[in-house]
Amino acid sequence: GDSRMSANAGTAMVPITLISGFLGSGKTTLLSEMLQNKGGLKVGMVVNDVAKINIDSKLVRERTTGGGIEGDCVELQNGCACCNASDELFQSIQQLLRLAHRRGKAYDRIVIEMSGVAEPKNVRREFVEAADSGHAVMKQCELQNMITVVDSPNFIEQYQSRDDIIDRPDLVKEETDESEIDNERKVVDLLVEQVECADTLVLNKMDRCTADEGEKLAALVATINPTARVLKCEWGKVPVETVFGPPERPSWVSKADDEDDLRAAVRAAKEVSNKRKEPDGGHAGHGQGHGHGHEGQEHGHGDAHDHDHEHKDGVCPYETQGHGGGHGEDHGHGHGHETDSYRQDTTSASQRFGITSFVYSRRRPFHPQRLMQVVMHLPVKVDPKSGQVVDRWSFPGSSEANEQLDTTDAAVMRAIIRSKGFVWVANQHRSAQYWSHAGHYFELRALGLWWAATALSSWPDQGSADSPEVAKIVGDFARPEDPAAEWGDRRQEVVFIGIKMKRAAIEELMDKCLLTDEELAAYKKQVESSKDVVRVDWAKSPPAPAPA
């Protein structure tokens with residue numbers, strides 16, 4: 001059987017590169033460029049349309065009918081192959097593996113071109129779930145490198161768009177596509193996910209941007225995704241190893257989940273702000289991490305990653321738990337410290353364009369109504385009848401942005417391009433809320449229980465103090481000397497990214513939403529009956545969670 005073809009000992013895993021990006025960003029051009037310059041590498045490719053990939057015509061075209069799957073698999077002359085994406089990603093990969101098996105030559109890499117509407121976090125989750133369920137493909141392959149191709153000249157227009165994806169078939173719908181678009185999301189929401197869920201960002205079509213626009217865009221995406229490598233290019237011309245090699249930095253994006261993404265964002269934003277001051281509490285560099293248990297449900301490491309529209313509960317981060325095939329060891333700690341020239345370039349460009357980020361951290365709950373009033377200052381108001389966003393918003397610092405000195409609360413909030421993080425709201429004592437905002441898009445949704453309210457049996461590794469995952473979670477609990485120690489890991493921790501943001505003014509607005517001392521006393525009384533089930537024993541070394 002095919003499924004056992006690599007069961008013989010010592011077979012190396014075939015690394016997989018995923019390429020995301022809207023239609024028109026240049027994924028196909030990038031792939032054609034890569035194929036022409038790949039040297040002796042044997043590559044298997046899953047693409048949206050084989051006919052569009054500009055490959056040498058001396059190919060053997062072969063209909064493969066392995067395992068009853070009809071599909072166009074084009075064999076290239078030197079052991080490479082190209083097949084059309086089927087509905088089921090793993091079927092396409094299996095088809096390529098069968099072909100390699102018949103030829104007796106393994107691929108050096110498999111490259112998957114996602115459709116314009118594909119959500120990289122979802123695909124990443126599919127890989128984790130496939131590995132967890134022992135899928136045959138995952139015994140031979142591993143997801144290693146996530147690349148997003150950005151349509152540089154159109155990025156700002158897409159970011160400030162009010163459209164739902166369904167209104168923009170030009171960005172997501174291949175001509176061959178009969179199926180309906182998953183229309184729930186906003187264009188900007190998917191665009192941000194593509195930028196954030198990537199090891200490498202390829203800023204394509206730079207020939208259609210001015211030097212200034214190009215620098216500003218590079219600085220912007222590097223602030224939105226501070227751990228990615230950013231490459232500017234035209235016509236998809238990037239070094240071949242970008243696509244056909246491992247990520248430049250130790251890859252962790254492919255092994256992470258939504259919680260880890262947030263953790264990395266918080267850490268990076270803190271590092272930027274802490275260049276000017278001592279780290280608060282001496283632990284700013286740790287993964288300020290987060291994951292959540294959920295009631296009455298055992299949740300292993302990857303069973304219910306949330307997706308914005310499935311409103312599943314959150315889940316524990318898992319990247320150091322053996323899914324990582326050796327890649328996951330404590331990835332995050334070094335990321336913000338690169339001093340390579342690229343980092344310095346983007347930092348100076350960020351300064352020039354006023355692109356900044358900071359973390360809002362507090363250990364006191366928000367009053368839900370006051371919080372909603374602040375949210376209404378974001379450009380996210382929707383007409384209840386039509387469901388359309390009614391606010392006008394243009395990118396801060398863009399030509400159409402009104403540059404007059406407006407000191408209103410709305411103006412303060414409109415300088416924010418992206419914000420995301422964990423929120424503690426007084427009417428949701430046990431459950432952490434996830435705050436996500438980008439342009440005209442905003443969402444506040446339940447993420448799952450705070451860890452203090454999650455039974456140890458549902459913690460990663462049952463809460464074992466030696467587990468690196470547990471150490472990250474413990475790092476989120478208030479220290480014993482903190483007045484908020486009784487609240488465990490409940491906190492506000494939101495990363496704000498923007499252009500010419502007034503940090504003090506934003507913090508002041510957010511602080512007004514926090515409960516007053518009087519309200520806090522009432523809150524304490526109200527939640528008395530809802531006891532937390534875990535506390536941290538700080539006397540132990542390392543500090544360990546214990547049943548409360």
Side-chain angles (χ1 to χ4, degrees), residues 257-260 262-263 266 286-306 311-318 361-368 371 421-436 444-465 467 469-480 482-494 513-515 519-538 540 542-548:
D257 65 15
D258 299 6
E259 317 289 356
D260 301 320
L262 269 177
R263 220 175 234 170
V266 165
H286 293 312
Q288 292 288 79
H290 218 80
H292 301 279
H294 21 120
E295 284 168 284
Q297 186 181 342
E298 276 301 317
H299 66 290
H301 315 305
D303 56 344
H305 287 37
D306 46 74
H311 293 273
K312 288 183 184 165
D313 275 316
V315 76
C316 304
Y318 54 78
S361 309
R362 301 285 186 271
R363 289 201 181 257
R364 186 179 276 237
F366 283 135
H367 187 292
L371 184 63
F422 306 108
V423 168
W424 172 19
V425 188
N427 59 353
Q428 299 281 337
H429 175 60
R430 294 170 52 111
S431 109
Q433 307 295 307
Y434 174 62
W435 164 298
S436 177
L444 187 64
R445 63 180 158 89
L447 197 55
L449 300 183
W450 292 108
W451 285 112
T454 302
L456 272 182
S457 58
S458 293
W459 280 46
D461 305 319
Q462 274 70 54
S464 153
S467 153
E469 282 306 312
V470 171
K472 289 179 190 174
I473 296 169
V474 166
D476 291 328
F477 276 69
R479 297 292 179 277
D482 188 317
E486 63 184 293
W487 303 115
D489 58 324
R490 291 180 180 80
R491 66 198 183 285
Q492 319 296 354
E493 191 167 54
V494 182
C513 306
L514 297 171
L515 297 191
E519 288 167 337
L520 189 63
Y523 173 70
K524 238 179 236 194
K525 275 212 179 61
Q526 199 187 326
V527 299
E528 247 167 4
S529 58
S530 170
K531 296 266 186 277
D532 281 346
V533 292
V534 175
R535 59 180 185 83
V536 171
D537 182 348
W538 294 99
K540 287 223 169 83

(request) Rounded to the nearest 0.5 Å, what's the gap from CH2 on W487 to CH2 on W450? Could you check? (result) 12.5 Å

(message) Using modelled atom types and a 3.5 Å cut-off, is there a donor and acceptor pairing between side-chain atoms of R491 and backbone atoms of D489?
(response) yes

(message) Rounded to the nearest 0.5 Å, what separates atom CD in E493 from atom CZ in R362?
(response) 12.0 Å

(request) Starting at CZ of F422, measure out to OH of Y434 and round the result to the nearest 0.5 Å. (result) 8.0 Å

(message) E519: which residues meet the side chain to side chain donor-acceptor pair (under 3.5 Å) condition with it, sequence neighbours left out?
(response) R370, T516

(request) Can you sort out the partners of A426 under side chain to side chain contact (heavy atoms under 4.5 Å, CB included), two or more places apart, ordered by chain and number? (result) P365, P368, L515, Y523

(request) Apply side chain to side chain contact (heavy atoms under 4.5 Å, CB included) to R364 and list each qualifying residue two or more places apart in sequence or on a separate chain. (result) L514, D517, L520

(request) Indicate the atoms forming the closest heavy-atom contact of P480 with A485, along with that distance. (result) O-CB, 3.8 Å

(message) Rounded to the nearest 0.5 Å, what separates atom CZ in R490 from atom CG in D532?
(response) 4.0 Å

(request) With rounding to the nearest 0.5 Å, note down the distance linking NE2 in H429 to NZ in K524. (result) 11.5 Å

(request) Enter the distance from R430:CZ to W424:CH2 here, rounded to the nearest 0.5 Å. (result) 14.5 Å

(request) Answer yes when E469 and K472 have at least one side-chain N-carboxylate O distance shorter than 4.0 Å, and no when they do not. (result) yes

(message) Going by side chain to side chain contact (heavy atoms under 4.5 Å, CB included), name the residues that satisfy it together with A522, two or more places apart in sequence or in a different chain.
(response) none

(request) State, yes or no, whether a side-chain contact exists between P460 and I473 at a heavy-atom distance under 4.5 Å. (result) yes

(message) Once side chain to side chain contact (heavy atoms under 4.5 Å, CB included) is applied, do any residues pair with V534, and if so which ones, sequence neighbours excluded?
(response) L456, W459, P545

(message) Can you give me the closest heavy-atom contact between V536 and P543, atom names plus distance?
(response) CG1-CB, 3.9 Å

(request) Given side chain to side chain contact (heavy atoms under 4.5 Å, CB included), test W538 with R479 step by step and report yes or no. (result) CA-CA 8 Å; W538 294 99; R479 297 292 179 277; 3.4 Å; yes

(request) Looking only at non-hydrogen atoms, find the nearest pair between A465 and A544 and report the distance. (result) CB-CB, 3.6 Å

